[in-house]
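The sequence lines fix the lettering, A, B, ..., with proteins before strands; numbering per chain opens at 1.
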Amino acid sequence: MIVRLAFTALAAILVSAPVFSLESGSELLNKMTHSHRELNYRAIVTYQLGEQLSSYRITHTVHDGKEFEALESLDGNHQDLVHHGHDVNCVHPGPQLIRLFNADDEQGFYRYYDVDVEGEGRVAGRDAVILSIKPRDVYRLGYKLSLDSETGLLLRSDIVNQQGKVLERFQYVMLDLNIPDNELIVDGAIEVQHKDVAVNDPAAMHIRVWRPDWIPAGFTPLKEAGDGNAAMTYTDGLAVMSVFVEPLLTTDSGAVAVTEGGMRRGASVSYTVAFPESGMFATVVGEVPMLTAKQVAKSLSWDQR
Amino acid sequence: MNDTVRESLSALMDGEASELELRRILTADEQAIRTEWADLHRSQQLLKNESNPFMGWDISSRVMAEIADEELMSGGGTGWKQAMSGLAIAASVAAVVVIGSMGSNMFGGSTQMVADNNGVSGRVYPAQASSAAVGGVAVSAQAQASPAGPLLNNDVEARKRFEAYLRKHTDRAAFNNGQGMVSYARVVSQESE
């Protein structure tokens with residue numbers, strides 16, 4: 001009897017161990033980048049920022065190859081967002097950067113982050129694998145991600161600063177993967193547009209007369225339609241930062257109304273720098289350390305006309 | 001950099017700088033000074049025939065990153081307080097380096113040292129990528145002389161602008177950060193505050 005028990009236990013270990021070790025950190029991360037766009041699910045997710053906690057219901061469906069997504073706030077003011085008609089096969093540059101290489105390649109994304117499988121856990125009643133993603137330089141933040149073992153969905157994400165402090169946390173508390181694929185009707189929801197379509201518009205590229213002279217290695221610019229001269233966005237696969245440029249407002253006394261400085265909220269920071277000689281000011285916004293935002297903002301230069 | 005500053009710098013190097021000279025160096029925040037300071041150290045080490053595994057290393061970028069974060073967390077401290085805390089950080093870094101090099105002499109081997117250092121400093125990389133961060137350890141107190149700027153969280157206009165930018169940024173970020181629509185919680189939670 002004891003022998004049989006021991007044998008069963010051994011078999012269980014042998015069967016379960018490979019399930020865990022089969023998928024490397026990079027495979028899991030790849031899965032994460034597309035599963036949230038391909039599955040039908042409804043979830044309750046909490047967003048924690050210091051003492052403040054807010055919760056949302058997220059619904060995602062795919063019908064005829066088109067995505068529908070809704071984010072409804074469950075506390076405070078009604079703030080609902082929907083997004084639909086997005087082609088499920090449209091691949092964005094961020095996920096592309098992650099899918100390009102494996103962790104063993106030490107290339108691309110994996111030159112800038114160490115990705116390790118830290119262990120197993122449970123989130124929203126589901127088995128999860130915990131990934132620890134540590135930046136190799138000072139210009140990025142760290143991540144601790146819990147991914148659903150079955151689907152690769154991101155169930156919990158902690159964004160951690162260089163000193164190891166958690167800046168913000170997203171966590172699913174309920175996940176339902178068995179929902180019909182029809183679109184929800186959310187009254188009064190705001191339609192959001194994703195603005196990073198890879199459109200090669202030479203005109204848009206041509207009119208931009210400014211550029212940052214420094215961005216951290218590994219950040220790739222997104223090509224985008226519209227706003228050609230007012231914004232540029234860069235991503236390294238996980239971190240995204242945008243540079244916005246606007247004309248300086250001058251008050252009656254002729255003094256510049258924009259103060260140089262930073263803003264911080266959760267993992268998001270912004271840093272504003274005025275360039276009086278060009279009559280413009282620039283703001284860098286993103287989920288990056290303040291040092292990165294500041295150095296990028298300060299490195300902006302204008303073409304001589 | 002003028003000769004007065006250069007003399008003060010070499011006096012500081014020999015530990016004979018007066019308070020006035022120290023102040024002169026600190027106020028003349030120049031790239032050239034940082035480079036000179038690093039060069040002085042390097043040549044002195046060569047003269048004394050000391051080899052140091054960290055000779056080409058520059059940890060000032062990491063120190064600057066930490067200071068930039070700290071400063072913004074603590075909000076609007078007064079100038080001298082910031083300067084003092086900067087000096088304190090620089091001093092502690094210098095202490096680590098001094099103890100470090102003592103260690104390498106004591107143990108007579110550099111392999112030991114590398115292993116020790118991994119525990120202490122975590123990720124330290126040469127900062128070629130950062131133009132703002134060239135120079136020796138003590139001069140990294142300079143990072144404090146050009147602070148990361150005030151935290152504008154209390155400025156209503158700046159805050160409004162931040163909200164608007166964050167929304168635009170999220171339109172671009174949501175499908176590139178692996179998180180998708182959930183990213184908008186950053187925007188929504190802010191607006192309902």
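Only the backbone of A:Ala70 comes within less than 4.5 Å of a heavy atom of chain B; no side-chain atom from C-beta onward does. Residue contact with chain B, scored on non-hydrogen atoms closer than 4.5 Å, involves the backbone and the side chain of A:Ser270 alike. Of the atoms belonging to A:Val82, it is backbone heavy atoms, and not side-chain ones, that fall under 4.5 Å from chain B. Using a 4.5 Å cut-off between heavy atoms, B:Glu157 makes no contact with chain A at all. Using a 4.5 Å cut-off between heavy atoms, A:Ile215 does not touch chain B at all. For chain B, no part of A:Gln96 is nearby; none of its heavy atoms comes within less than 4.5 Å.
At least one side-chain heavy atom of A:Ser157 sits under 4.5 Å from a side-chain heavy atom of B:Gln179. Using a 4.5 Å cut-off on side-chain heavy atoms (C-beta onward), B:Arg161 and A:Phe281 make contact.
B:Phe162 approaches A:Val269 most closely through the heavy-atom pair CE1-C, 4.0 Å. Nearest approach of B:Asn177 to A:Leu238, heavy atoms of both residues: CB-O, 3.3 Å. The two residues B:Gly178 and A:Leu154 come nearest to each other via the heavy atoms O-CD2, 4.2 Å. Contact record, A:Leu71 with B:Ala185: CD2-N, 3.9 Å, taken as the closest heavy-atom pair. The two atoms that bring A:Ile58 and B:Val182 nearest to each other are CD1-CG2, 3.5 Å, heavy atoms only.
Every side chain to side chain contact (heavy atoms under 4.5 Å, CB included) that A:Ala124 has, sequence neighbours left out, goes to A:Tyr172. By the salt bridge (charged side-chain N to carboxylate O under 4.0 Å, His left out) test, A:Glu287 pairs with B:Arg186, sequence neighbours left out.
The distance from the NE2 atom of B:His169 to the OG1 atom of A:Thr283 is 13.0 Å, given to the nearest 0.5 Å. To the nearest 0.5 angstrom, A:Met263 atom CE is 7.5 Å from B:Glu163 atom CD. One distance of note links CZ of B:Phe175 with CD of A:Glu67; it measures 6.0 Å at 0.5 Å rounding.
When the candidates A:Thr33, A:Leu81, A:Val45 are compared by the number of heavy-atom contacts under 4.5 Å with chain B, A:Leu81 comes out ahead. Looking only at heavy-atom pairs under 4.5 Å with chain B, the residue among A:Gly237, A:Gly266, A:Ser54, A:Ser73 that has the most is A:Gly237. When each of A:His60, A:Arg37, A:Met241, A:Glu69 is scored by its heavy-atom pairs under 4.5 Å with chain B, the top score falls to A:Glu69.
Aromatic ring centroids of B:Tyr184 and A:His83 lie 6.0 Å or more apart.
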Please determine whether side-chain contact (heavy atoms from CB on, under 4.5 Å) holds for the pair B:Met181 and A:Val192, giving the CA-CA distance in whole Å, both sets of side-chain angles, and the decisive distance to 0.1 Å. CA-CA 9 Å; B:Met181 193 88 168; A:Val192 299; 4.2 Å; yes

Pair B:Val188-A:Tyr47, side-chain contact (heavy atoms from CB on, under 4.5 Å): steps then yes or no: CA-CA 10 Å; B:Val188 174; A:Tyr47 174 58; over 6 Å; no

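More than 12 heavy-atom neighbours from other residues, nucleotides or ligands sit within 6.0 angstrom of CD on A:Glu191.
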